[in-house]
Amino acid sequence: MIQEISFDTIRQYGNIELLAKQMVEGFITGLHKSPYHGFSVEFAEHNLYNPGESTRHIDWKVYARTDKLFTKRYEEETNLRAMIILDRSPSMYYPDKTYDKMAFSTLAAASLGYMLQKQRDAVGLCTFSDDIEEITPVKSTKTHIHQIFVKLQQMLEKPPTQKETHIAKVLHQVAETIHKRSLVIIFSDMMGQMGNRDEMFAALQHLKHNNHEVLLFHVADHTTELQLEFPERPMVFVDVETGQKEKLRPSQIREKYKNTIQELYHDLNVKCGQYKIDYVEVDSKKDIDQVILPYLIKRTRMR
């Protein structure tokens, strides 16, 4: 399994698509070794093929052995619709050069998208910063998921210009755009909502009110962004979204900063619990399988 996800890691493997597919096969192997089989990819039995039926589910391996046509009858035909919402505001491209937060988010989004498409579910992608930048249709074809891979790769290679995050506005727009019940998967550092949490909570509630299932991956570099662990010397801190600069020692603001961040995390956790939203804290320095695999196993147990 890949030990560290960064832009350099993805470039070493060629592109997001190849790396995501490799990781998904590892995830599925892990799930199959657990007592909770499959991610809706296990089939219960074979039925004789009836002329006129779709050939989509014919088991050609069985045909090669028996010279008879059988179709797989799956335990769970989900027909799930999923919209992946990815924050690409400048703060998601921290730290500079390695882009750990964005690298984690794009690869996790690609892996989940590929896994959903693999189980015949439909997937769409919405990207945003100060507004919705792009939103794709929700489809289940291989061509469509390949196009999503390309868009994710482009996002990683082309950081945005200086913009602020407006996740609340975007979530309200998405809630009004998606007309069928869907799984909404959000990747964001939520940094642009620290001063206006009520608006953000209202937007999350809007999605739930419209009967969507919501999964929030709250992405951050825990060492520096939560603990403010920097060398103890005068430093210039730059708000990458507004351009504001402050020169100070980390110890001058560490306690107040940590209290503010911890309060945000606590409030998000509580509100997501109240709204029945799956809330996953993500340290972008962690192995991606440590975050994604436990969540997938949790979902299979809930089926």
Side-chain angles (χ1 to χ4, degrees), residues 1-2 5-31 38-41 43 54-58 60 72 74 76-88 92-93 99-129 132-160 170 174 177-178 180 182-188 215 217 219 288-289 291-293 295-296 299:
M1 187 57 66
I2 307 305
I5 297 302
S6 68
F7 188 23
D8 287 340
T9 305
I10 293 171
R11 282 189 293 199
Q12 288 171 13
Y13 276 77
N15 57 45
I16 283 178
E17 181 171 1
L18 292 175
L19 188 52
K21 288 181 177 180
Q22 175 185 324
M23 297 187 73
V24 165
E25 297 306 321
F27 292 155
I28 291 175
T29 299
L31 286 169
F39 196 63
S40 296
V41 295
F43 58 90
S54 169
T55 59
R56 180 180 179 186
H57 299 307
I58 288 178
W60 296 108
K72 302 174 185 177
Y74 289 86
E76 298 186 51
E77 297 288 353
T78 59
N79 295 318
L80 176 71
R81 295 171 59 85
M83 176 61 74
I84 299 173
I85 302 177
L86 210 158
D87 179 356
R88 68 177 307 265
M92 286 291 287
Y93 288 81
Y99 302 158
D100 289 347
K101 289 159 63 175
M102 183 55 71
F104 179 96
S105 299
T106 52
L107 182 56
S111 298
L112 289 173
Y114 176 63
M115 185 171 288
L116 288 164
Q117 189 278 328
K118 189 178 177 70
Q119 64 182 36
R120 302 171 304 282
D121 293 328
V123 186
L125 175 68
C126 172
T127 64
F128 75 94
S129 54
I132 290 178
E133 296 185 347
E134 185 167 12
I135 186 166
T136 74
V138 178
K139 298 181 179 180
S140 60
T141 65
K142 291 183 178 180
T143 301
H144 180 68
I145 196 65
H146 173 71
Q147 291 172 345
I148 287 179
F149 288 142
V150 171
K151 293 179 189 298
L152 291 171
Q153 186 77 31
Q154 291 172 343
M155 286 172 52
L156 193 57
E157 294 172 346
K158 297 179 181 179
V170 168
V174 170
T177 301
I178 304 176
K180 294 183 180 179
S182 302
L183 169 63
V184 179
I185 305 172
I186 305 166
F187 290 91
S188 175
L215 166 59
F217 287 102
V219 186
I288 192 170
D289 59 310
V291 178
I292 301 296
L293 186 57
Y295 175 74
L296 296 181
R299 285 187 62 84

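FYI, the numbering just counts along the sequence from 1.
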Q119 side, atom CD; L80 side, atom CG - distance, nearest 0.5 Å: 7.0 Å

So, taking the atom named CE in M115 and the one named NZ in K118, what distance separates them when rounded to the nearest 0.5 Å? 8.5 Å

Side-chain donor-acceptor contacts of residues 137-144 below 3.5 Å, not counting sequence neighbours, with atom names and distances?
residue : atom : partner : partner atom : Å
T141    : OG1  : H144    : N            : 3.1
H144    : NE2  : V123    : O            : 2.8
H144    : NE2  : P137    : O            : 3.1

Would the distance check show the side chain of Q153 and the main-chain N or O of I16 forming a donor-acceptor pair, the cut-off being under 3.5 Å? yes

Please, which pairs that meet salt bridge (Lys or Arg N to Asp or Glu O under 4.0 Å) have at least one residue in residues 104-113, sequence neighbours excluded? none

In the structure I gave you, are the side-chain heavy atoms of L112 and F217 within less than 4.5 Å of one another anywhere? yes

Got T177 and I135 here, is their nearest side-chain heavy-atom distance under 4.5 Å? yes

Are any non-hydrogen side-chain atoms of N15 and F149 less than 4.5 angstrom apart? no

Is any side-chain heavy atom of D87 closer than 4.5 Å to a side-chain heavy atom of F187? no

Test ring pair (Phe, Tyr, Trp, His ring centres under 6.0 Å) applied to Y114 - qualifying residues, sequence neighbours left out: none

Distance check, rounded to the nearest 0.5 Å: T127 atom OG1 versus I84 atom CD1? 12.0 Å

If you look at every heavy atom in L116 and A82, which pair is closest and at what distance? CD1-CB, 3.6 Å

Identify the two heavy atoms, one from A103 and one from T106, that lie closest to each other, and give their separation to 0.1 Å. O-OG1, 3.2 Å

Is there a side-chain contact between Y93 and R88, using heavy atoms and a 4.5 Å cut-off? yes

Across all chains, not counting sequence neighbours, the side-chain hydrogen bond (donor to acceptor under 3.5 Å, both in side chains) partners of E17 are K21, H146

Going through the distances and angles, do C126 and I132 end up as a side chain to side chain contact (heavy atoms under 4.5 Å, CB included)? CA-CA 7 Å; C126 172; I132 290 178; 4.1 Å; yes

If you define the side chain from C-beta out and look only at heavy atoms, does anything of I85 sit under 4.5 Å from V184? yes

Under the salt bridge (charged side-chain N to carboxylate O under 4.0 Å, His left out) rule, collect the residues that match up with E134, sequence neighbours excluded. K151

Interatomic distance, R81 atom CZ to L183 atom CG [nearest 0.5 angstrom]: 11.5 Å

Residues forming a side-chain hydrogen bond (donor to acceptor under 3.5 Å, both in side chains) with Q147, sequence neighbours excluded: none

Taking side-chain hydrogen bond (donor to acceptor under 3.5 Å, both in side chains) as the test, write out the residues that go with S105, two or more places apart. none

Side chains of M155 and L86, heavy atoms from C-beta outward: is any pair under 4.5 Å? yes

